[in-house]
S.K.: 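First the structure, which I've put down as structure tokens, then a few questions once you've had a look.
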Amino acid sequence: MSQTNSHHDLSDVSLSLAVVLYNNEVGTVVKLIKNLLSSTRSFNNVALFLVNNSPENVDLQNFLQDQSLHNEHIVLLTSETNSGFGAGNNLVLLFLDSDYHFVVNPDIVVPDESQIANMIVYLQAHPQVGLLSPLIKFPDGTIQHLLKKESTVFDMALRFTGLPIFKKRQRSFINLPDGYKKIHRADNVPGSFMVFRSSVFKSVKGFDEKYFLYMEDCDITRSVNTISNVTFYPDAFVYHEWQRGNRKSLKGIMTMLKSMRIYFNKWGWKLF
């Protein structure tokens, strides 16, 4: 039993996890399921929602159906069409009765069960926190600087063009130099791994489905901060393989620009 767990009985805490899948290889999903179920085994009540956003992928769909039939923890939700990351995650809203809800990318690996327990112990002790974001690392152990300040048009343009200008401003936007060392309130946390108080996830009605991809994590962080607190919590971590090819294609760029327009229309056009 982990050190974190030995002082806190977490067995009565219920967890749900949701992973949105899109044409993922079956082998990858096997590893993912194994990792998520083993890292939450300290908890008696765990539901792993696998959301298939690619129902036309027969191999994947058949595999997921088989998994949900043979494992009491696995719930398969199949979307009729791929309406994006947020809409896929929102399919769980109808079924959500857990205490805490995890939104997890398929390329996340939880290193051991003490990490999840550690996050839950913190949330149990801090009821004002509605969304927790742990430290996210590359598989080689280096920190991913995904924690951002509130987005402005200028900051988004700097990131989008990738130009080596206004370097101090760009570093500040991703909370450098020292924003990854201590627990603090966060304005904009990454969507690759999020831990919600389930009641808060339901209160904000999940993700805004107007976004297909990009900015939906930024948006939901702001929504949660209007009703409770979003906290960056570096005392627990996960690995993220960072599979992000879309942004460089023309389609990816157009999707990103559309998401930015939706976001600034909703929250106000803060230029600088």
S.K.: What verdict does the side chain to side chain donor-acceptor pair (under 3.5 Å) test give for Ser54 and Asn52, after you've listed the backbone C-alpha separation in whole Å, the side-chain angles of each residue and the deciding distance to 0.1 Å?
M.R.: CA-CA 5 Å; Ser54 46; Asn52 187 7; 2.9 Å; yes
S.K.: Backbone N or O of Ser199 within a donor-acceptor pair of the Ser203 side chain at under 3.5 Å?
M.R.: yes
S.K.: Report yes or no: does Gln170 contribute a side-chain atom to a donor-acceptor pair with the main-chain N or O of Ile165 at less than 3.5 Å?
M.R.: yes
S.K.: We want to know whether Ser83 and Glu209 form a side-chain donor-acceptor pair, criterion being a heavy-atom distance below 3.5 angstrom.
M.R.: no
S.K.: Do Thr231 and Asn229 have side-chain atoms, one donor and one acceptor, less than 3.5 Å apart?
M.R.: no
S.K.: Taking atom CD of Glu25 as the centre, does the number of heavy atoms from other residues, nucleotides or ligands within less than 6.0 Å exceed 12?
M.R.: no
S.K.: Between His184 and Phe232, is there a donor-acceptor pair closer than 3.5 Å when you use the side chain of the first and the backbone of the second?
M.R.: no
S.K.: Is Ser42 close to Leu10 at the side-chain level, that is, under 4.5 Å between some pair of heavy atoms?
M.R.: no
S.K.: Testing Lys148, Lys270, Arg169 one by one against Asp155 for a salt bridge (Lys or Arg N to Asp or Glu O under 4.0 Å), which residue passes?
M.R.: Arg169
S.K.: Just so I know, are the side chains of Leu37 and Asn71 near enough to count as touching, which here means a heavy-atom distance under 4.5 Å?
M.R.: yes
S.K.: How many angstroms lie between atom NZ of Lys258 and atom CE of Met254, to the nearest 0.5 angstrom?
M.R.: 10.0 Å
S.K.: Quick one: does Val29's side chain get under 4.5 Å of Leu60's, heavy atoms only?
M.R.: yes
S.K.: What's the spacing between Asn118 CG and Glu113 CD if we round to 0.5 Å?
M.R.: 12.5 Å
S.K.: Answer yes if Leu158 and Tyr214 sit in the same cluster of Ile, Leu, Val, Met, Phe, Trp and Tyr residues linked by side chain heavy atoms under 4.5 Å apart, and no otherwise.
M.R.: no
S.K.: Against Asn57, only a single residue in Asn62, Asn24, Asn23 fulfils side chain to side chain donor-acceptor pair (under 3.5 Å); can you say which?
M.R.: Asn23
S.K.: Test Ser259 against Glu216 for side chain to side chain donor-acceptor pair (under 3.5 Å), laying out the working first.
M.R.: CA-CA 8 Å; Ser259 291; Glu216 69 285 304; 5.8 Å; no
S.K.: Would a distance-only check, ignoring hydrogens and angles, find a side-chain to backbone donor-acceptor pair under 3.5 Å from Asp99 to Val13?
M.R.: no
S.K.: Answer whether the closest heavy-atom distance between the side chains of Arg171 and Pro177 falls below 4.5 Å.
M.R.: yes
S.K.: Would you say Tyr263 and Trp269 make side-chain contact, with heavy atoms under 4.5 Å?
M.R.: no
S.K.: Can you find a pair of side-chain heavy atoms, one from Val230 and one from Val189, that are under 4.5 Å apart?
M.R.: yes
S.K.: Heavy atoms, side chains only, cut-off 4.5 Å: are Tyr22 and Val51 in contact?
M.R.: no
S.K.: Over 60° means perpendicular and under 30° means parallel, so classify the ring planes of Phe201 and Phe207, tilted if in between.
M.R.: perpendicular
S.K.: Could you tell me whether the side chain of Met156 reaches within less than 4.5 Å of the side chain of Met215, counting heavy atoms only?
M.R.: yes
S.K.: Donor-acceptor check, side chain of Tyr211 to backbone of Gly84, threshold 3.5 angstrom: yes or no?
M.R.: no
S.K.: Just wondering, are more than 12 heavy atoms of other shown residues or ligands nearer than 6.0 Å to CD in Glu80?
M.R.: no
S.K.: Treating Asn35 as the side-chain partner and Val110 as the backbone partner, does any N or O pair qualify as donor plus acceptor under 3.5 Å?
M.R.: yes
S.K.: Hey, what do you get for CG (Leu146) to OH (Tyr180), rounding to the nearest 0.5 Å?
M.R.: 6.5 Å
S.K.: Taking the six-membered ring for Trp and the full ring for Phe, Tyr or His, determine whether the centres of Phe237 and Tyr239 are under 6.0 Å apart.
M.R.: yes
S.K.: Distance-only, no hydrogens or angles: does the Ser14 side chain make a donor-acceptor pair with backbone N or O of Asn45 under 3.5 Å?
M.R.: no
S.K.: If you round to the nearest 0.5 Å, how far is NZ of Lys202 from CG of Leu94?
M.R.: 10.5 Å
S.K.: Does a donor on one side chain sit under 3.5 Å from an acceptor on the other, for Lys149 and Ser172?
M.R.: yes
S.K.: When the ring centroid of Phe196 is compared with that of Tyr100, is the distance short of 6.0 Å?
M.R.: no
S.K.: What's the verdict on side-chain contact (heavy atoms from CB on, under 4.5 Å) for Tyr233 and Ser133, showing C-alpha distance, side-chain angles and the deciding distance?
M.R.: CA-CA 6 Å; Tyr233 183 69; Ser133 177; over 6 Å; no
S.K.: Is atom NZ of Lys31 surrounded by more than 12 heavy atoms (other residues, nucleotides or ligands) closer than 6.0 Å?
M.R.: no
S.K.: Mind checking the CG-CD1 spacing from Leu131 to Ile220? Nearest 0.5 Å is all I need.
M.R.: 7.5 Å
S.K.: Ring centres of Phe193 and His240 under 6.0 Å apart?
M.R.: no
S.K.: So, Asn53 side chain and Gly88 main chain: donor-acceptor pair closer than 3.5 Å or not?
M.R.: no
S.K.: Please confirm whether the backbone N or O of Gly191 pairs with a side-chain atom of Asp217, one donor and one acceptor, at under 3.5 Å?
M.R.: yes
S.K.: State the CZ-CG distance between Phe63 and Leu21, to the nearest 0.5 angstrom.
M.R.: 9.5 Å
S.K.: Indicate, with yes or no, if Phe173 and Leu163 share a hydrophobic cluster defined by side-chain heavy-atom contacts under 4.5 Å among Ile, Leu, Val, Met, Phe, Trp and Tyr.
M.R.: no
S.K.: Residues in ring pair (Phe, Tyr, Trp, His ring centres under 6.0 Å) with Phe166, at least two apart?
M.R.: Phe154
S.K.: Does any N or O in the side chain of Asn105 come within less than 3.5 Å of the main-chain N or O of Asp107, such that one atom is a donor and the other an acceptor?
M.R.: no
